[in-house]
Enquirer: 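Questions regarding the structure given below will be posed in turn.
FYI, side chains are in, hydrogens and waters are out, and symmetry mates aren't considered; it's all heavy atoms of this structure. To find a chain, count down the sequence lines: A is the first, B the second, and so on, and within it residues start at 1. None of these values were measured; they are calculated from a predicted model.
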There are 2 protein chains.
Amino acid sequence: MNFTASEENYIKAIYHLQQSAALVTTNELAAQLKTKPASVTDMLKKLKLKDLLLYEKYQGFQLSNKGKKVALGIIRKHRLWEYFLVNKLQFGWDEVHEIAEDLEHINSKLLIERLDAFLNFPRFDPHGDPIPDVNGRMEVSKQINLIDLAPHQPAEVSAVGSQSSELLDLLSHKNIGIGTRLEVVKKFIFDHSIEIKIEDTAPFSISQQLAQSLFVKPL
Amino acid sequence: MNFTASEENYIKAIYHLQQSAALVTTNELAAQLKTKPASVTDMLKKLKLKDLLLYEKYQGFQLSNKGKKVALGIIRKHRLWEYFLVNKLQFGWDEVHEIAEDLEHINSKLLIERLDAFLNFPRFDPHGDPIPDVNGRMEVSKQINLIDLAPHQPAEVSAVGSQSSELLDLLSHKNIGIGTRLEVVKKFIFDHSIEIKIEDTAPFSISQQLAQSLFVKPL
DNA sequence: AAATTTTTTTAGCCAAATCTAAATTTTTAT
DNA sequence: ATAAAAATTTAGATTTGGCTAAAAAAATTT
Ligand SMILES: [Mn+2]
Ligand SMILES: [Mn+2]
Ligand SMILES: [Mn+2]
Ligand SMILES: [Mn+2]
């Protein structure tokens, strides 16, 4: 079974959306893919026909087991290419998402196997997201949102909540990346901002919005 | 200017065909692309409209200067990816053409620049074909067809005339690859077969067809 | 319980890239 | 110079993925 780039984009988007809620809605998916609800309905019918989707009209939908497997395959390709771009071609972590969006649709099992081996079977992509293995299995790290980290608990940044260049730009400016060690000094009720301290540098404040986009592993 | 994968395939095919004859015909191109003449005519109109093609109906066609530049860009991408697949991902030279057919349509100037640098600016692909540089320039090696090599003139295999897996399979079997040193022992009029000798091994015969698919540089 | 709003689907249209069949032009043979 | 054959183009359909506008269903207010 091979799928078009468009089908793969739908499958991947549904997979990501159903991480936060079991059932996905037509409008949600249309917003995510920047397309119209009518176009989504068309594709839902097609995916159901191919047994990738559990879908009853008006009732929301979710990927079938087969659909989930396909999704993990696409995510695997995306993240392996991102790792390649950053660690072999010297791209910045904020430059790779768009290119990986195209590369992920190249269909060659052998290519991905060889790429994986060439990269030494990496387990996380440059944004800290786990890379599924050939069987779709990936590490489930017990990372928590920075907003939930207890004050004075040392932790390490393990992932970012989005790949927007705006977020990644802000993070580079503040010298925060995957692996950065930090602790929360104080949380402010007034604006929900958080004061953090990176290793031996002076503490500084970050907004609630930014804290919510950072995931950390307590050390 | 960005082009669809389909447009790029047509442009590349026209480029290759016009190496042997200035003007290309509809049927030739249809055969090359395994499509129908009617489909070719449709695309010719589109390419002409985009100023990539010099074309008057019923009169044959050829790429404009702009079209040639685009073609060289696609060929550059194709050959760089082939080099990557063989020299980094351990593919055999007979396994890479199909995958490169897809990878060549990924559109990112930066990606190709970085890939080129990562590979150390290779000048020939795994099949001995020259890789155009950023400006579309490439080496014009003074290679000749093996069929035209003078007897007892030592030479080195520099390129193959096609990427068909049938040809590459035959070559591996006979232990002939890019860089193989050989000389012609004798040419037979009867069936135009040629007896060749590889370095210190016993001489053997190859068919006219095979000899025509091999290019060599006299040493 | 009815009315209103929101969500989702259907109906109908469009563009790109194909195809087949028919028409036209060019080339080749008589 | 005609007639026949070959090459090329046009006409009309099809598939895929998208769109808008209208209809229908579900959810929310009153
Ligand atoms: Mn990404
Ligand atoms: Mn990522
Ligand atoms: Mn090739
Ligand atoms: Mn090649």
Enquirer: Below 4.0 angstrom from OP1 or OP2 of dT25(C), is there any side-chain N or O of Gln59(B)?
Expert: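 Negative; the distance criterion is not met.
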
Enquirer: Could you state the interatomic distance from OG (Ser158(B)) to CD1 (Ile178(B)), rounded to the nearest 0.5 Å?
Expert: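 So the OG of Ser158(B) and the CD1 of Ile178(B) are separated by 6.5 Å.
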
Enquirer: Could I get the full list of ring-ring contact (aromatic ring centres under 6.0 Å, His included) partners for His97(B), not counting sequence neighbours?
Expert: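 For His97(B) the ring-ring contact (aromatic ring centres under 6.0 Å, His included) partners, ignoring immediate neighbours, are His78(B).
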
Enquirer: Counting runs of three or more consecutive pairs, Watson-Crick or G-U wobble, with each distance below 3.5 Å, where are the stems of DNA chain D?
Expert: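 Stems found: C:1-30 with D:1-30.
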
Enquirer: Nearest to the side chain of Thr41(A), heavy atoms from C-beta on, is which of dC19(C), dT9(C), dG18(D)?
Expert: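 Selected nucleotide: dT9(C).
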
Enquirer: From the set dT24(C), dC19(C), dT10(C), return the single nucleotide nearest to any side-chain atom of Tyr58(B).
Expert: dT24(C)

Enquirer: Give me the residues of residues 14-38 of chain A where at least one heavy atom lies under 4.0 Å from an atom of DNA chain D, by number, or none.
Expert: Thr35(A), Lys36(A), Ala38(A)

Enquirer: Please confirm whether the shortest side-chain N or O distance from Ser6(A) to OP1 or OP2 of dG18(D) is below 4.0 Å.
Expert: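 Result: yes.
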
Enquirer: Between Tyr10(A) and Lys57(A), just flag the one whose closest nucleotide in DNA chain D comes earlier from the 5' side.
Expert: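 Its nearest nucleotide being more 5', the pick is Tyr10(A).
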
Enquirer: Asp42(A) CG to dT20(D) P: how many Å, rounded?
Expert: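 Interatomic distance, CG of Asp42(A) to P of dT20(D): 13 Å.
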
Enquirer: Whole-Å distance between dG18(D) P and Leu44(A) CG?
Expert: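 Going from Leu44(A) (CG) to dG18(D) (P), I get 12 Å.
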
Enquirer: With sequence neighbours left out, what residues match Glu28(B) under side-chain contact (heavy atoms from CB on, under 4.5 Å)?
Expert: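 Glu28(B): side-chain contact (heavy atoms from CB on, under 4.5 Å) contacts with Leu17(B), Val24(B), Thr25(B).
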
Enquirer: With sequence neighbours excluded, tell me which residues meet side-chain contact (heavy atoms from CB on, under 4.5 Å) with Ser162(A).
Expert: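 Expected list: Ser164(A), Leu167(A).
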
Enquirer: Quick one: list whatever passes side-chain contact (heavy atoms from CB on, under 4.5 Å) with Asn107(A), sequence neighbours left out.
Expert: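 Once residues adjacent in sequence are excluded, the partners of Asn107(A) under the side-chain contact (heavy atoms from CB on, under 4.5 Å) criterion are Asn2(A), Glu8(A), Lys77(A).
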
Enquirer: Please list, chain by chain and in numerical order, all residues satisfying side-chain contact (heavy atoms from CB on, under 4.5 Å) with Ser172(B), sequence neighbours excluded.
Expert: Trp93(B)

Enquirer: Scan the side chains in residues 49-62 of chain A for donor-acceptor partners under 3.5 Å anywhere in the protein, sequence neighbours excluded, and list what turns up.
Expert:
| from | atom 1 | to | atom 2 | distance (Å) |
| --- | --- | --- | --- | --- |
| Lys50(A) | NZ | Glu7(A) | OE2 | 2.8 |
| Glu56(A) | OE2 | Lys48(A) | NZ | 3.3 |

Enquirer: For residues 117-125 of chain B, dump all side-chain donor-acceptor pairs below 3.5 Å to protein atoms at least two apart in sequence or in another chain.
Expert:
| from | atom 1 | to | atom 2 | distance (Å) |
| --- | --- | --- | --- | --- |
| Arg123(B) | NE | Glu139(B) | OE2 | 2.2 |
| Arg123(B) | NH2 | Glu139(B) | OE1 | 3.1 |
| Arg123(B) | NH2 | Glu139(B) | OE2 | 3.0 |
| Asp125(B) | OD1 | His127(B) | N | 2.6 |
| Asp125(B) | OD1 | Gly128(B) | N | 3.1 |
| Asp125(B) | OD1 | Asp129(B) | N | 3.0 |

Enquirer: Just checking, Lys217(A) and Phe215(A): is the charged tip under 6.0 Å from the six-membered ring centre and within 45° of the axis?
Expert: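 Relative to the ring axis of Phe215(A), which defines the angle, Lys217(A) lies outside at least one limit.
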
Enquirer: Not counting sequence neighbours, which residues clear side-chain hydrogen bond (donor to acceptor under 3.5 Å, both in side chains) with Asp94(B)? List them please.
Expert: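 Asp94(B) satisfies side-chain hydrogen bond (donor to acceptor under 3.5 Å, both in side chains) with no other residue.
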
Enquirer: Going by the side chain to side chain donor-acceptor pair (under 3.5 Å) test, which pairs reach into residues 30-39 of chain A, not counting sequence neighbours?
Expert: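 Checked against side chain to side chain donor-acceptor pair (under 3.5 Å) - neighbours excluded - no pair reaches residues 30-39 of chain A.
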
Enquirer: Among residues 47-55 of chain B, which ones have heavy-atom contacts with DNA chain D below 4.0 Å?
Expert: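 Hits under 4.0 Å, by residue number: Tyr55(B).
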
